[in-house]
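Convention: sequence-line order gives letters A, B, ...; per-chain numbering from 1.
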Protein chains: 2
Amino acid sequence: MDKKQIGEKVDQAASTGRMKLGELGSFIRDQRKAARLSLRKLSDQAGISNPYLSQIERGLRKPSAEILQSIAKALQISAETLYIRAGILDERRDSDTISAILQDPYLSEAHKRSLVEIYNNYLQLSAEAPKAATVKDVTG
Amino acid sequence: MDKKQIGEKVDQAASTGRMKLGELGSFIRDQRKAARLSLRKLSDQAGISNPYLSQIERGLRKPSAEILQSIAKALQISAETLYIRAGILDERRDSDTISAILQDPYLSEAHKRSLVEIYNNYLQLSAEAPKAATVKDVTG
DNA sequence: ATCTTTGTATAACAGTTGCAAGCACTAGAG
DNA sequence: CTCTAGTGCTTGCAACTGTTATACAAAGAT
């Protein structure tokens, strides 16, 4: 990888970061408008300064998780929604139930397998259900 | 609420915050030691400076979600674990499995109830599991 | 004994986060 | 028309986050 390619990689990473902040900001602004709130109203309710909220919406600043939490609460949406958009949290997979079972910290491997199997049996009894997912499908 | 009570409230909140950072730091140190890693080794693997990791472990600094993510990855634990301890994420994610079962669009109510019951039975067979969660607990 | 590793202290520093004060503009009321 | 209230943004700044470099004491290894 020569210098030109390294330069391109860096530029790409930088603009990707900015895009993420812009998306988050746009999303917050959209939610705010959907809630019929002015920027000042939302900032008051979230307990943050209105210039700062403005900067966040325009993607100029990267707010901490705490600020995101405050905004989410004021918007009456889940904080996780904002965390996901901010890149703090991963997006849940499609096969939530199996995924949740497999990641449960309190289940043994044997119990996990049993639950997955029971779950798949139940799916087969439901005409509207998708094709039964396997453990392999989930772990990829 | 008179001034004395307000003062006590503020003091309590402040010390609660400090306790939270100390808990997080202790947890990270415990995990590090369980993994038989030196502070310098973990900081290298996490890509953060060792004095900073030391300060985090001693509860002197409040790391960003990104730093927590790096530490979690180096410790091979989920970032969510650290987020919860840092107060970024609610512990209600602990009942992910039940929550996922209940929200699964392809399960009938009867099947949901059955799966939850089986899950709770498995929890009771595990000494380390938390107290069995009920459907009511999850839905709030 | 010496040398290495470990965790911590400290200071200086750069960059970032979030705020307060203030500005420019628009819409509506009188 | 003027004035007021509301709106979103600009700017400068303080505090914080995270780094680097250096140093030290204690523990562990040879």
Side-chain angles (χ1 to χ4, degrees), chain A residues 10-11 13-75 79 82-83 85-88, chain B residues 10 13-14 16-18 20-22 24-75 79 82-83 85-88:
Chain A
V10 170
D11 286 344
S15 76
T16 299
R18 209 169 295 129
M19 288 277 280
K20 178 76 79 170
L21 282 191
E23 282 176 27
L24 171 67
S26 300
F27 180 76
I28 288 171
R29 182 165 286 187
D30 290 344
Q31 294 297 307
R32 174 170 66 80
K33 290 187 172 178
R36 305 286 176 92
L37 294 169
S38 70
L39 185 133
R40 266 184 226 243
K41 261 285 167 42
L42 178 60
S43 69
D44 285 343
Q45 285 174 23
I48 69 175
S49 71
N50 72 73
Y52 192 53
L53 179 58
S54 176
Q55 286 172 331
I56 292 164
E57 287 192 351
R58 287 173 287 136
L60 299 181
R61 295 292 177 94
K62 181 185 169 199
S64 66
E66 244 131 67
I67 295 288
L68 290 178
Q69 211 169 26
S70 300
I71 292 170
K73 190 170 181 183
L75 283 172
L82 295 186
Y83 293 160
R85 286 176 188 266
I88 290 173
Chain B
V10 170
T16 299
R18 208 170 293 130
K20 179 74 81 172
L21 282 191
L24 170 68
S26 300
F27 180 76
I28 289 172
R29 180 165 289 187
D30 290 343
Q31 294 296 310
R32 175 169 67 79
K33 290 187 170 178
R36 305 287 176 94
L37 294 169
S38 71
L39 186 134
R40 279 184 162 110
K41 261 282 165 42
L42 178 61
S43 69
D44 285 343
Q45 286 174 22
I48 69 174
S49 70
N50 71 71
Y52 192 53
L53 178 58
S54 177
Q55 285 175 330
I56 291 165
E57 287 192 351
R58 288 172 287 135
L60 300 181
R61 292 293 181 93
K62 181 181 168 199
S64 66
E66 251 127 57
I67 294 288
L68 290 178
Q69 210 168 29
S70 300
I71 292 170
K73 192 170 178 181
L75 283 172
L82 294 185
Y83 293 161
R85 288 178 187 266
I88 291 174

Inset, instruction - Take atom CD1 of B:Ile71 and atom P of D:dG18, then tell me their distance rounded to the nearest Å. - result: 9 Å
Legend entry - Student check: side-chain heavy atoms of A:Leu39 and A:Arg32 closer than 4.5 Å: yes
Inset, instruction - Hey, could you give me the CG/CD1 distance between A:Leu53 and A:Ile67, rounded to the nearest 0.5 Å? - result: 9.5 Å
Legend entry - Residues, nucleotides or ligands: over 12 heavy atoms within 6.0 Å of B:Gln45 CD: yes
Legend entry - No-H, no-angle donor-acceptor pair, B:Arg61 side chain to D:dT17 base, under 3.5 Å: no
Inset, instruction - Grab the two heavy atoms, one from B:Ala46 and one from B:Ser70, that are nearest each other, plus how far apart they are. - result: O-CB, 3.3 Å
Legend entry - Atom-to-atom span, CG of B:Leu68 to C1' of D:dG18 - whole angstrom: 13 Å
Legend entry - Interatomic distance, B:Lys41 NZ vs C:dG7 C1' [rounded to whole Å]: 15 Å
Legend entry - Heavy-atom side-chain contact between A:Arg58 and A:Arg29 under 4.5 Å: yes
Legend entry - B:Pro63 vs B:Ile48 side-chain heavy atoms within contact, under 4.5 Å: no
Inset, instruction - To the nearest 0.5 Å, tell me how far A:Phe27 CZ sits from A:Ile71 CD1. - result: 11.5 Å
Inset, instruction - Identify which nucleotide among C:dT17, C:dG22, C:dG18 has an atom closest to any side-chain atom of A:Lys62, counting heavy atoms from C-beta outward. - result: C:dT17
Legend entry - Between P of C:dG18 and CG of A:Leu39, the distance in whole Å: 16 Å
Inset, instruction - May I have the distance from B:Ile67 (atom CD1) to C:dT16 (atom C1'), rounded to whole angstrom? - result: 13 Å
Legend entry - For atom CG of B:Leu42 and atom P of C:dT8, their distance in whole Å: 12 Å
Legend entry - Integer-rounded Å distance: C:dG18 P and A:Ile28 CD1: 12 Å
Legend entry - Contact under 4.0 Å: A:Arg58 side-chain N or O vs D:dT10 OP1/OP2: yes
Legend entry - Contact under 4.0 Å: B:Arg40 side-chain N or O vs C:dT5 OP1/OP2: no
Legend entry - Phosphate-side-chain proximity, B:Arg29 and C:dT6, N/O vs OP1/OP2 below 4.0 Å: no
Legend entry - Contacting residues from residues 45-57 of chain B, given that a heavy atom lies under 4.0 angstrom of DNA chain D: B:Gly47, B:Ile48, B:Ser49, B:Pro51, B:Tyr52
Legend entry - A:Lys33 NZ to D:dT7 P, straight-line distance once rounded to whole Å: 12 Å
Inset, instruction - Tell me which nucleotide among C:dT17, D:dC9, D:dG18 gets nearest to the side chain of B:Ser64. - result: D:dG18
